[in-house]
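Heads up, the thing below is written out as structure tokens.
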There are 2 protein chains.
Amino acid sequence: MEQSKIPQATAKRLPLYYRFLNNLNQQGKNRVSSKELSEAVKVDSATIRRDFSYFGALGKKGYGYNVEYLLGFFRSTLDQHETTEVALIGVGNLGTAFLNYSFLKNNNIRITKGFDANPEKAGTNIGGVPIYHIDELHEKLEGIRVAILTVPATEAESITEKLVNEGIEGILNFTPARISVPEHIRVHHIDLAVELQSLVYFLKHYPLDSKKK
Amino acid sequence: MEQSKIPQATAKRLPLYYRFLNNLNQQGKNRVSSKELSEAVKVDSATIRRDFSYFGALGKKGYGYNVEYLLGFFRSTLDQHETTEVALIGVGNLGTAFLNYSFLKNNNIRITKGFDANPEKAGTNIGGVPIYHIDELHEKLEGIRVAILTVPATEAESITEKLVNEGIEGILNFTPARISVPEHIRVHHIDLAVELQSLVYFLKHYPLDSKKK
DNA sequence: ATTCATTTGTGAAAATTATCACGACTATTT
DNA sequence: AAATAGTCGTGATAATTTTCACAAATGAAT
Ligand SMILES: NC(=O)c1ccc[n+]([C@@H]2O[C@H](COP(=O)([O-])OP(=O)(O)OC[C@H]3O[C@@H](n4cnc5c(N)ncnc54)[C@H](O)[C@@H]3O)[C@@H](O)[C@H]2O)c1
Ligand SMILES: NC(=O)c1ccc[n+]([C@@H]2O[C@H](COP(=O)([O-])OP(=O)(O)OC[C@H]3O[C@@H](n4cnc5c(N)ncnc54)[C@H](O)[C@@H]3O)[C@@H](O)[C@H]2O)c1
């Protein structure tokens with residue numbers, strides 16, 4: 001929308017900062033330094049200061065950052081004032097786990113609808129979220145821009161096409177399939193098998209005392 | 001262990017390449033170009049060639065790569081000849097989903113033991129994996145070097161300490177807690193809430209036609 | 001008032017990662 | 001045998017990200 005000059009690496013860390021600031025605020029702390037923050041979120045303090053600096057001078061030299069101010073700032077930056085609705089496609093093992101998880105308390109993102117091809121699941125309700133049959137996508141997806149994909153890998157491509165047709169703009173893809181989408185659709189992959197395998201690879205091939213990821 | 005000159009970014013992509021080569025091989029293909037590979041895994045073809053080149057000249061100019069040869073090469077690079085045992089700590093919503101998932105067929109990584117604090121879960125068996133009480137960690141963790149952490153965030157720090165004492169070297173952490181570990185322990189975080197939140201942030205703040213992540 | 005210990009914000013440098021672009025080589029077709 | 005289309009490996013360059021290191025500002029202590 002606006003300031004696209006914020007590095008992607010920074011943007012990815014924002015939700016992490018936001019969550020931690022929330023914790024601090026709830027603990028009643030009203031002041032925090034980049035050093036403390038660094039120890040808590042395991043990000044170098046210079047990186048944190050640099051990240052914050054993209055948004056202007058948010059702190060005070062010799063003092064640190066005011067928790068409440070910073071929190072308020074991030075709340076609006078991350079659009080936490082308006083709720084984002086998310087659909088979950090594929091109510092299986094993984095999908096069910098997500099539905100049963102209140103997706104972060106300090107967070108205005110909600111899974112509000114589930115979809116599955118299994119007719120026995122349609123009409124049920126998991127963790128307070130109604131499940132619809134996948135054929136009802138068109139009627140029920142109105143106004144939802146983000147989808148979580150937890151269907152079998154073989155279905156990923158065809159479901160993605162449907163989602164795109166229904167106007168979905170962002171997909172969080174948990175299937176191992178690398179889906180194809182038009183230019184303007186954003187896909188983030190979370191590939192659990194790859195993560196596990198690369199962890200094992202790092203263990204075996206990288207010196208034990210190297211810097212952490 | 002050996003060639004630590006391989007960039008971390010490359011190392012993270014290896015399992016992805018490996019999986020796709022496996023697919024190709026099972027489809028009976030015996031030749032593949034960096035361009036084809038690129039379309040399938042959505043990584044720039046020059047990046048793929050560069051990645052491969054860290055391991056030497058694996059392909060042939062004007063021809064491409066021999067699938068079987070490349071696959072064999074990656075199999076040994078990723079240590080797929082020996083099975084890696086993994087323990088899962090916290091058999092709740094997320095943990096149960098993982099246990100029910102045969103963690104990739106073409107893959108020698110296996111979750112072989114589960115642990116939970118709930119006495120009702122101890123002694124059971126989920127997806128073929130035996131569940132033990134968390135107090136049995138010491139007796140049952142022998143020889144296991146990697147753990148998946150799916151306990152409540154509040155327990156993350158204390159469980160981590162126990163795991164480290166038992167000689168665990170790598171942890172795949174699904175809790176929102178940023179755990180502290182000694183220098184020589186490797187931790188990879190998968191923070192689902194952060195992933196979802198950052199996807200939403202990107203959608204709202206980055207031009208729709210920008211390059212994909 | 002002055003000193004002192006802190007801590008930010010940032011210019012500059014370093015490190016890492018991705019991409020361009022082309023010479024060298026291969027297989028295939030004519 | 002020559003021409004053609006395809007493809008790798010890589011030097012060079014560009015882009016991105018992280019880190020260093022310090023002047024300037026702050027609040028607390030004496
Ligand atoms: N469970 C895990 O631990 C895990 C780990 C890594 C990756 N994954 C990936 O996540 C995805 C889901 O895994 P899972 O274990 O939950 O699988 P699952 O089989 O338990 O669930 C898949 C669900 O999708 C539904 N479905 C099938 N076709 C559909 C369609 N066309 N439209 C809508 N719904 C459809 C099924 O009815 C089922 O409920 C898979 O792609 C899997 O590879 C899972
Ligand atoms: N479920 C999700 O979709 C989701 C999404 C994002 C993050 N997470 C995170 O993953 C973790 C697990 O989530 P969940 O939904 O599976 O929670 P859950 O409450 O369903 O499961 C946690 C399990 O850990 C066990 N446990 C508690 N204390 C323990 C201890 N000291 N030792 C061993 N086991 C213990 C509990 O008995 C329970 O079975 C949490 O930290 C959560 O924040 C979950």
Side-chain angles (χ1 to χ4, degrees), chain A residues 3-14 16-17 21 24 29-70 73-74 189 198 202 205-207 210-213, chain B residues 3-14 16-17 21 24 29-70 73-74 189 198 202 205-207 210-213:
Chain A
Q3 1 84 309
S4 318
K5 56 249 176 188
I6 284 141
Q8 302 223 355
T10 295
K12 285 194 186 168
R13 283 187 291 264
L14 296 182
L16 191 58
Y17 298 146
L21 288 170
L24 283 185
K29 277 207 83 175
N30 47 22
R31 170 182 167 174
V32 69
S33 71
S34 62
K35 185 148 164 284
E36 286 174 274
L37 221 38
S38 168
E39 275 151 26
V41 301
K42 320 281 180 197
V43 171
D44 187 90
S45 67
T47 301
I48 293 178
R49 292 199 300 281
R50 174 77 61 195
D51 282 347
F52 288 1
S53 78
Y54 292 116
F55 299 97
L58 303 178
K60 252 195 223 167
K61 301 184 178 187
Y63 173 88
Y65 301 90
N66 179 289
V67 172
E68 207 162 342
Y69 175 74
L70 206 52
F73 184 83
F74 278 120
H189 295 274
S198 83
F202 276 119
H205 294 271
Y206 284 74
S210 76
K211 291 163 294 174
K212 264 152 285 148
K213 190 222 111 166
Chain B
Q3 0 83 310
S4 317
K5 53 244 173 193
I6 284 143
Q8 303 222 353
T10 295
K12 285 196 188 167
R13 283 187 291 263
L14 296 183
L16 191 57
Y17 298 146
L21 288 170
L24 283 185
K29 278 206 82 175
N30 47 20
R31 171 183 167 172
V32 67
S33 71
S34 62
K35 184 147 166 286
E36 286 174 273
L37 221 38
S38 168
E39 274 151 25
V41 300
K42 320 282 181 197
V43 171
D44 187 89
S45 68
T47 301
I48 292 178
R49 292 200 300 281
R50 175 77 65 198
D51 282 347
F52 288 1
S53 77
Y54 292 116
F55 299 97
L58 303 178
K60 251 195 224 166
K61 300 183 177 186
Y63 173 87
Y65 301 90
N66 178 290
V67 172
E68 207 161 341
Y69 175 75
L70 205 53
F73 184 84
F74 277 120
H189 296 273
S198 83
F202 277 119
H205 294 271
Y206 285 74
S210 76
K211 292 163 296 176
K212 263 152 286 148
K213 189 222 115 164

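Residue numbers start from 1 in every chain, and the chains themselves are labelled A, B, ... in the order their sequence lines are given, proteins ahead of strands. Given the structure is predicted, the values throughout are model-derived calculations rather than measurements.
One finds a side-chain N or O of S34(B) lying less than 4.0 angstrom from the OP1 or OP2 phosphate oxygen of dC8(D).
Ring planes of F74(B) and Y17(B): tilted class, angle from 30 to 60°.
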Readout for nucleotides 21-27 of chain D: B = base within 4.0 Å of protein heavy atom, S = sugar-phosphate only, - = neither; 5' to 3' it is B--BBBS
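Across all strands, F52(B) comes closer than 4.0 Å to no nucleic acid atom at all (heavy-atom distances). Counting non-hydrogen atoms under 4.0 angstrom, T10(A) reaches nothing in the nucleic acid. Within 4.0 Å of S45(A), counting heavy atoms only, lies no atom of the nucleic acid at all.
In this structure, OH of Y54(B) is placed 9 Å from C1' of dA18(C), rounded to the nearest angstrom. Straight-line distance from the NZ atom of K35(B) to the P atom of dT19(C): 16 Å, rounded to whole Å. Atoms CD1 (I48(B)) and C1' (dT19(C)) sit 13 Å apart, rounded to a whole Å. As a whole-Å value, the separation of Q8(A) CD from dA18(C) C1' is 13 Å. D51(A) places its CG atom 13 Å from the P atom of dT8(C), with the value rounded to the nearest Å. With rounding to whole Å, E39(B) atom CD is found 13 Å from dG6(D) atom P. In this entry the distance linking CZ of R13(B) with P of dT17(C) reads 9 Å, nearest Å. At whole-Å resolution of the value, OH in Y69(B) and P in dC8(D) are 15 Å apart.
With sequence neighbours excluded, no residue forms a salt bridge (charged side-chain N to carboxylate O under 4.0 Å, His left out) with K35(B). In this view, R50(B) satisfies the salt bridge (charged side-chain N to carboxylate O under 4.0 Å, His left out) rule with no residue, not counting sequence neighbours. By the salt bridge (charged side-chain N to carboxylate O under 4.0 Å, His left out) test, R13(B) is found to be paired with D51(B), residues two or more places apart in sequence or in another chain being considered. Residues satisfying the side chain to side chain contact (heavy atoms under 4.5 Å, CB included) test with N30(A), not counting sequence neighbours, are none.
A donor and an acceptor atom never sit less than 3.5 Å apart when one is taken from the side chain of R50(B) and the other from the base of dT17(C).
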Name each donor-acceptor pair under 3.5 Å that joins a side chain in residues 60-68 of chain B to protein atoms two or more places apart or in another chain, with its distance.
from, atom 1, to, atom 2, distance (Å)
N66(B), OD1, E68(B), N, 3.0
N66(B), OD1, Y69(B), N, 2.9

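Side-chain proximity of T47(A) to the nucleotides dT19(C), dA18(C), dT19(D) is greatest for dT19(D). Minimum atom distance to the side chain of A9(A) is reached by dT18(D), of the listed dA18(C), dT18(D), dG11(D).
Between atom CZ of residue F202(B) and atom CD of residue Q8(A) there is a gap of 4.5 Å, rounded to the nearest 0.5 Å.
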